[in-house]
Amino acid sequence: MPSVEQGPSTWPACAEWAESRLLVIGGGAVAEAMHLPAVLAVLGTEKVRLAEPDEPRRRTLQEKFGVPAAAADFRDLLADSDAALVLTPPHLHESVTVDCLRAGLHVLCEKPLANTASAGRRMIEEAVRAGKLLASGHNYRFFPNRSWVRDRIKDGEFGPDVFVEITEGSPADWPALTGYMFRKELVPGGVMLNNGVHSLDFLLWCLGDSVEEEYRDDSIGGLESNAVLELRFAEGATARLRISRTRNLANQIRVVGDGQSVTLPAGHMNQVIHADGSIEIKSAVQSRQVNDWPSLGRAQIVDFLAAAATATPPRADGQAGLKVVELIERCYLQKTSRQRLPKAPVPGWMW
Ligand SMILES: NC(=O)c1ccc[n+]([C@@H]2O[C@H](COP(=O)([O-])OP(=O)(O)OC[C@H]3O[C@@H](n4cnc5c(N)ncnc54)[C@H](O)[C@@H]3O)[C@@H](O)[C@H]2O)c1
């Protein structure tokens with residue numbers, strides 16, 4: 001039997017953020033699966049507004065979640081809101097976020113922060129100008145097992161030469177309504193930009209900025225579906241990411257160093273597998289239970305609203321989102337400076 005670490009699961013009754021009015025922009029797959037249930041549980045229906053241009057979709061969500069205030073155009077709801085969750089496809093993150101900041105709202109923007117680093121920088125500049133919070137939707141930072149292992153890396157328990165190896169892959173099946181992940185006119189990248197952001201953010205969060213990268217992927221002009229990235233960090237740490245959206249891979253994070261090793265199942269929030277094979281369950285982040293997507297969504301929204309209300313840093317700020325997009329851009333630059341393969345490799349062949 002795995003050992004279980006218990007933590008409190010209650011929400012603060014009288015917090016600074018409790019009266020915040022929150023505008024959810026984009027009623028797609030992630031809004032339905034995670035954000036709407038989370039924000040409604042935390043704030044209640046009267047403080048939540050929904051902007052979704054597709055009318056049948058908007059009505060479906062209104063009925064399912066009982067949200068009274070909704071509109072096709074998010075700009076019609078800005079005056080009645082204190083903060084926004086930007087859940088549109090990535091190509092709209094910049095324009096929507098900037099409009100919200102200019103209207104005086106704090107913003108939590110889903111990942112990737114933006115399609116390009118220059119767009120991400122403009123978003124951060126706008127937040128500074130407006131004096132509002134811009135947070136990034138790097139929600140895997142709320143996985144209790146990742147949070148625990150990150151603390152151990154930061155405490156030096158794996159030594160300065162720690163090596164982190166992430167292997168993640170499965171055939172893409174996320175039910176996005178707009179299909180942005182595969183539409184080259186909407187996104188500049190494939191598996192790295194859509195899925196890789198979570199692992200890349202984890203590496204930068206644990207190890208700091210990388211100083212050297214070696215990257216390759218299988219695209220010959222389209223969006224990559226398989227990629228390998230080797231990274232070196234200033235203090236001597238190294239990392240490797242192998243990622244696929246066409247193949248099942250091991251789906252694990254392995255942390256090795258100073259004679260120790262530990263493994264996290266990549267898609268699991270709580271499990272830690274020790275070198276002797278024993279399994280431990282980590283269940284709390286910031287003193288709150290996180291063990292499924294709704295509880296993770298609640299932890300993220302409370303962190304964001306509390307940071308906005310108290311002018312303290314959120315768990316992942318705009319800079320964190322920008323660093324990941326900058327890293328991905330450096331990877332894509334390496335790719336374009338190499339000669340292209342003459343034809344598409346059979347998935348998996350290049351590895
Ligand atoms: N953090 C995570 O774990 C996670 C998981 C999935 C998706 N995401 C991110 O969340 C975002 C949304 O992803 P999704 O899969 O829900 O997309 P989706 O295609 O399912 O939904 C996007 C929604 O935005 C709506 N929309 C388009 N333009 C709009 C506008 N101007 N105003 C308001 N709404 C508008 C669309 O009509 C659609 O309903 C993406 O950035 C994605 O990368 C994050």
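All values derive from a computational prediction rather than experimental measurement. One-based numbering, in listed order, for ligands and for the atoms of each.
In this structure, the ring pair (Phe, Tyr, Trp, His ring centres under 6.0 Å) partners of F143, at least two apart in sequence or on a different chain, are Y140, W293. In this view, T45 and L40, P68 satisfy the side chain to side chain contact (heavy atoms under 4.5 Å, CB included) rule, not counting sequence neighbours.
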Below 3.5 Å only, please: the N or O atoms of ligand 1 paired with protein N or O atoms, distance on each line.
| from | atom 1 | to | atom 2 | distance (Å) |
| --- | --- | --- | --- | --- |
| ligand 1 | 1 (N) | E110 | OE1 | 3.0 |
| ligand 1 | 1 (N) | E110 | OE2 | 3.3 |
| ligand 1 | 1 (N) | N139 | OD1 | 3.2 |
| ligand 1 | 1 (N) | N139 | ND2 | 3.2 |
| ligand 1 | 3 (O) | N139 | ND2 | 3.2 |
| ligand 1 | 13 (O) | Y180 | OH | 3.2 |
| ligand 1 | 15 (O) | W174 | NE1 | 2.7 |
| ligand 1 | 15 (O) | Y180 | OH | 3.1 |
| ligand 1 | 16 (O) | A29 | N | 3.0 |
| ligand 1 | 16 (O) | V30 | N | 2.8 |
| ligand 1 | 19 (O) | L177 | N | 3.3 |
| ligand 1 | 19 (O) | T178 | N | 2.9 |
| ligand 1 | 19 (O) | T178 | OG1 | 2.5 |
| ligand 1 | 20 (O) | A29 | N | 2.9 |
| ligand 1 | 20 (O) | L177 | N | 2.7 |
| ligand 1 | 37 (O) | E52 | OE1 | 3.4 |
| ligand 1 | 37 (O) | E52 | OE2 | 2.7 |
| ligand 1 | 39 (O) | E52 | OE1 | 2.7 |
| ligand 1 | 39 (O) | E52 | OE2 | 3.3 |
| ligand 1 | 41 (O) | T88 | O | 3.4 |
| ligand 1 | 41 (O) | H93 | NE2 | 3.1 |
| ligand 1 | 41 (O) | K111 | O | 2.9 |
| ligand 1 | 43 (O) | K111 | O | 2.8 |
| ligand 1 | 43 (O) | K111 | NZ | 3.1 |

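In the model, Q300 has no side-chain atom that pairs as donor or acceptor with a side-chain atom of R141 under 3.5 Å. Counted by atom type alone, N226 and S244 present one or more donor-acceptor pairs between their side chains at under 3.5 Å.
The 12-atom threshold is exceeded at CZ of R330, counting heavy atoms of other residues, nucleotides or ligands nearer than 6.0 Å.
Within the structure, ring pair (Phe, Tyr, Trp, His ring centres under 6.0 Å) contacts touching residues 37-96 (residues at least two apart or in different chains) do not occur.
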